[in-house]
Structures are given as C-alpha cells and as structure tokens.
Undergrad: 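Encoded as structure tokens, here's the structure I'll be asking about.
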Amino acid sequence: MCRNIRTLFNFEPPASDREIHDAALQFVRKLSGTTRPAKRNEAAFDRAVNSIAKSARELLDSLETSQPPRNREEEAAKARARSAIRFG
C-alpha cells in the first residue's frame, strides 16, 4: 500500500492539497491494515487522514533547501526508466 506514497518536497509546482491528502490516506491505510474501514470506524479513519494531511502540509511548508526545485516530469521519466530496468 505505501508504494503509492511519493516524495512531495521540493517540486515545482509545489505539492497540492490533493497529493498530500492521498499520501496521508495511504499512510492511514497502511497503519490500519485496511483500505476501507468498517462503518463504525469511518470517523476515526477520516480524522486520522485529515490530521496527518494537516501535519504533512505544515512540514512541507516549513522545510527549506538550497537545491533547485525538481521537475515532476523529469522525475517521473527517471522512475519509469528504473521500472523498465527492474521489470524489463
């Protein structure tokens, strides 16, 4: 499940709220061991996702670097090349 969590820091354009929410959702899914919680656990699941997304946004907004922002398309191309080598 956590394979879908990607690095979100230092990209141009910056990570969107949707990307951060999706990463938080994957994290909560991994911790809980389920992709969809039972009806009685939905509120706790949603609170956890929102709390983690808020914390992640605060983290990303406060991090600093001297490196230039990375290009999303270039990074995706590198990932595809690594995947092609790995899975041929």
Undergrad: For the pair R70 and T7, evaluate side-chain contact (heavy atoms from CB on, under 4.5 Å) and give the outcome as yes or no after the intermediate values.
TA: CA-CA 11 Å; R70 294 176 281 178; T7 301; 3.4 Å; yes
Undergrad: Return the set of residues passing side-chain contact (heavy atoms from CB on, under 4.5 Å) with R72 (not counting sequence neighbours), or none when no residue passes.
TA: F11, P13, A15, E19
Undergrad: Using modelled atom types only, decide if a donor and an acceptor are shared between the side chain of N10 and the backbone of P68 within a distance under 3.5 Å.
TA: yes
Undergrad: Give the minimum heavy-atom separation between A53 and A24, together with the two atoms involved.
TA: N-CB, 3.7 Å
Undergrad: Running the 4.5 Å side-chain criterion over Ile, Leu, Val, Met, Phe, Trp and Tyr, what cluster does L8 land in, apart from itself?
TA: F9, I20, L59, L60, L63
Undergrad: Does the side chain of T34 come within less than 4.5 Å of R29's, by heavy atoms?
TA: no
Undergrad: Could you walk me through whether F45 and N50 pass the side-chain contact (heavy atoms from CB on, under 4.5 Å) test, one step at a time?
TA: CA-CA 9 Å; F45 194 90; N50 292 332; over 6 Å; no
Undergrad: Name all residues meeting the side-chain contact (heavy atoms from CB on, under 4.5 Å) criterion together with P14; count only those two or more places apart in sequence or in a different chain, and write none if there are none.
TA: E12
Undergrad: Among R80, R86, K78, find the residue that satisfies the side chain to side chain contact (heavy atoms under 4.5 Å, CB included) test when tested with R82.
TA: K78
Undergrad: Return the set of residues passing side-chain contact (heavy atoms from CB on, under 4.5 Å) with N71 (not counting sequence neighbours), or none when no residue passes.
TA: E73, E74
Undergrad: Can you tell me which residue pairs pass the salt bridge (charged side-chain N to carboxylate O under 4.0 Å, His left out) test with a partner in residues 54-67, sequence neighbours excluded?
TA: D17-R57, R57-D61
Undergrad: Applying salt bridge (charged side-chain N to carboxylate O under 4.0 Å, His left out), name anything that partners R18, two or more places apart in sequence or on another chain.
TA: D22
Undergrad: Go through the structure and list residues passing side-chain contact (heavy atoms from CB on, under 4.5 Å) with S51, not counting sequence neighbours.
TA: none
Undergrad: Show every salt bridge (charged side-chain N to carboxylate O under 4.0 Å, His left out) that has at least one partner inside residues 35-46, sequence neighbours left out.
TA: K39-E42
